> 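My questions all concern the structure below.
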Number of protein chains: 2
Amino acid sequence: MKTLRVPEATVTRLSVYSRFLERLDRNGITTVSSGEIAEGVGVSPAQVRKDLAYFGEFGTRGVGYNVKDLMRYTKKILGLDQNWPLILVGAGNLGYALCTYKGFNSRGFQIVGVFDNDLTKIGKKIAELEVLPMEKMPEVIEKHGARIGIVAVPPRAAQEVVDYMVKNGLEAILNFAPVALNLPEGIEIRNVDLSVKLEILTFNLGFKSAQHL
Amino acid sequence: MKTLRVPEATVTRLSVYSRFLERLDRNGITTVSSGEIAEGVGVSPAQVRKDLAYFGEFGTRGVGYNVKDLMRYTKKILGLDQNWPLILVGAGNLGYALCTYKGFNSRGFQIVGVFDNDLTKIGKKIAELEVLPMEKMPEVIEKHGARIGIVAVPPRAAQEVVDYMVKNGLEAILNFAPVALNLPEGIEIRNVDLSVKLEILTFNLGFKSAQHL
DNA sequence: TAGATTGTTAATCGATTAACAATC
DNA sequence: TAGATTGTTAATCGATTAACAATC
């Protein structure tokens with residue numbers, strides 16, 4: 001079996017290309033070159049071609065890529081040719097924002113259950129969904145066939161939440177709590193830390209100032 | 001002048017180490033080794049030492065690092081020895097969540113102005129702040145000496161927003177809109193795309209399934 | 001001194017880029 | 001055919017890791 005290891009950065013860029021192609025398609029553009037994609041998302045043309053080359057040959061030499069086709073291919077590669085039901089824990093402000101975030105729905109993600117252990121939140125509605133107590137999670141996972149969970153609780157509660165998610169069969173976790181979580185082998189996790197990139201900015205601003213000295 | 005280029009990944013990890021050290025400090029732990037930091041945040045011990053080595057010698061051979069000191073050093077390196085006023089554009093659900101996000105305040109970030117061009121939102125209060133029309137931005141930037149702006153508007157509005165931010169003197173942008181933005185030379189930008197990491201998860205889940213075939 | 005752990009160098013690994021043959 | 005652009009290889013670049021002397 002040919003085990004090609006795809007760099008995570010390639011998958012990240014594929015996601016970005018994919019959304020850029022959707023925009024071109026909405027604008028009625030039918031053909032695009034690696035150079036135009038590169039220009040549109042801020043990478044090099046060679047990078048675009050190399051990233052695509054991990055998965056096949058999608059273009060026509062001398063011509064470029066068919067926008068609609070390449071859009072479909074990239075989405076399929078990312079697993080976005082299907083809908084993904086999501087389980088969300090944490091009905092605070094961040095949870096609320098995620099529930100109503102358009103960027104999820106437009107890519108086939110749908111939050112199908114919102115959970116919290118705060119009695120003052122349980123029973124309230126977020127968008128169309130009633131906030132449920134944690135004990136209801138198994139049944140919601142079962143009903144929708146959910147495989148992915150989102151953690152939007154404070155750091156100190158996060159480990160307990162993912163343990164519960166894993167116990168109930170979720171296979172992948174998107175974690176918004178700024179803390180490293182321990183998970184069993186085979187469970188995928190990615191962290192979105194809202195302030196890390198802000199700290200990269202302050203680092204760079206400080207560095208820039210320092211160079212004037 | 002010794003121009004050492006610090007990898008962005010190093011700065012990212014520094015931010016993570018820094019928060020881990022804060023937690024150790026809160027728990028009353030006074031000394032820590034590179035191995036313990038590595039364990040706590042999920043990287044290699046050599047990586048921890050190498051990352052720190054870009055900036056100086058902070059440890060004691062045979063002993064490790066003083067938690068409080070290293071915490072202060074890492075925060076200082078990241079520019080977090082000062083407070084950072086932030087300008088936020090977009091008073092939707094995401095904007096609301098960012099305004100109330102504890103993870104910002106605990107690192108010295110403070111949103112000092114929230115702006116929107118939606119007349120139904122202007123005048124409303126988010127936390128302590130009144131949502132202001134865009135025209136008020138120059139005066140708020142001036143008043144607080146803000147240098148960083150956060151974009152939490154829909155993709156199609158984002159370019160116009162950053163243009164306006166840059167015109168009014170902001171030097172760094174944290175962009176939550178899933179679109180590549182064009183900025184003049186010298187302006188720092190970082191994107192936080194809420195769904196990219198979700199798509200890495202779906203990619204990996206698909207890949208895992210494929211390997212069973 | 002013996003044990004532990006840093007700081008740093010050199011080796012390894014992997015990702016990006018440049019270049020060009022293939023081909024529309 | 002001439003011009004354009006892909007797919008792919010080889011070269012370059014940069015980041016991570018292993019290893020160990022320094023030293024507490």
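Throughout, protein chains are lettered first and strands after them, A, B, ... in sequence-line order, and every chain is numbered starting at 1. These numbers were taken from a predicted model, which means no experiment stands behind them. These values consider heavy atoms only, across backbone and side chains, with no hydrogens, waters or symmetry-generated copies.
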> I'd like the 5' and 3' limits of the part of DNA chain D contacted by chain B, with heavy-atom contacts below 4.0 Å.
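Endpoints of the contacted stretch of DNA chain D: D:dA15 to D:dC24.
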> Should the pair A:Arg190-B:Glu199 be classified as a salt bridge under the 4.0 Å nitrogen-to-oxygen rule?
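No salt bridge links A:Arg190 with B:Glu199.
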> In terms of side-chain geometry, is the basic nitrogen of A:Arg72 or A:Asp81 positioned less than 4.0 Å from the acidic oxygen of its partner?
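Result for this pair is no, no salt bridge flagged.
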> According to a 3.5 Å limit on both distances, what stems of 3 or more consecutive Watson-Crick or G-U pairs are formed with DNA chain C?
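Expected stems, ordered by start: C:3-24 with D:3-24.
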> Does OH in B:Tyr73 sit with more than 12 non-hydrogen atoms of other residues, nucleotides or ligands closer than 6.0 Å?
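No, because the 6.0 Å sphere around OH of B:Tyr73 holds 12 heavy atoms or fewer from other groups.
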> Taking CD in B:Glu36 as the centre, count heavy atoms belonging to other residues, nucleotides or ligands within less than 6.0 Å. Is the count above 12?
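Yes, because the 6.0 Å sphere around CD of B:Glu36 holds more than 12 heavy atoms from other groups.
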> If the test is side-chain contact (heavy atoms from CB on, under 4.5 Å), which one of B:Val41, B:Val43, B:Asp51 qualifies with B:Val16?
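So the option named by the test is B:Val41.
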> Might you work through the ring pair (Phe, Tyr, Trp, His ring centres under 6.0 Å) test for B:Phe20 and B:Tyr17, ending with a clear yes or no?
CA-CA 5 Å; B:Phe20 179 68; B:Tyr17 302 158; 8.7 Å; no
> Would you kindly compare A:Ala46 and B:Ser33 by the position of their nearest DNA chain C nucleotide and give the one closer to the 5′ end?
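The residue closer to the strand's 5' end, by nearest nucleotide, is B:Ser33.
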> Answer yes or no: is there an ion pair linking A:Lys197 with B:Glu188, defined by an N-O contact shorter than 4.0 Å?
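B:Glu188 and A:Lys197: not salt-bridged.
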> With sugar-phosphate meaning primed atoms plus P, OP1 and OP2, does A:Ser34 contact a base, only sugar-phosphate, or nothing at under 4.0 Å between heavy atoms?
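Touches sugar-phosphate only.
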> Donor-acceptor pairs are to be reported for all side-chain atoms of residues 86-93 of chain A against protein atoms at under 3.5 Å, with residues two or more places apart or in another chain.
from: A:Asn93; atom 1: ND2; to: B:Thr100; atom 2: OG1; distance (Å): 2.7

> So which one's nearest nucleotide on DNA chain C is more toward 5', A:Arg13 or B:Thr60?
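Counting from the 5' end, the first nearest nucleotide belongs to B:Thr60.
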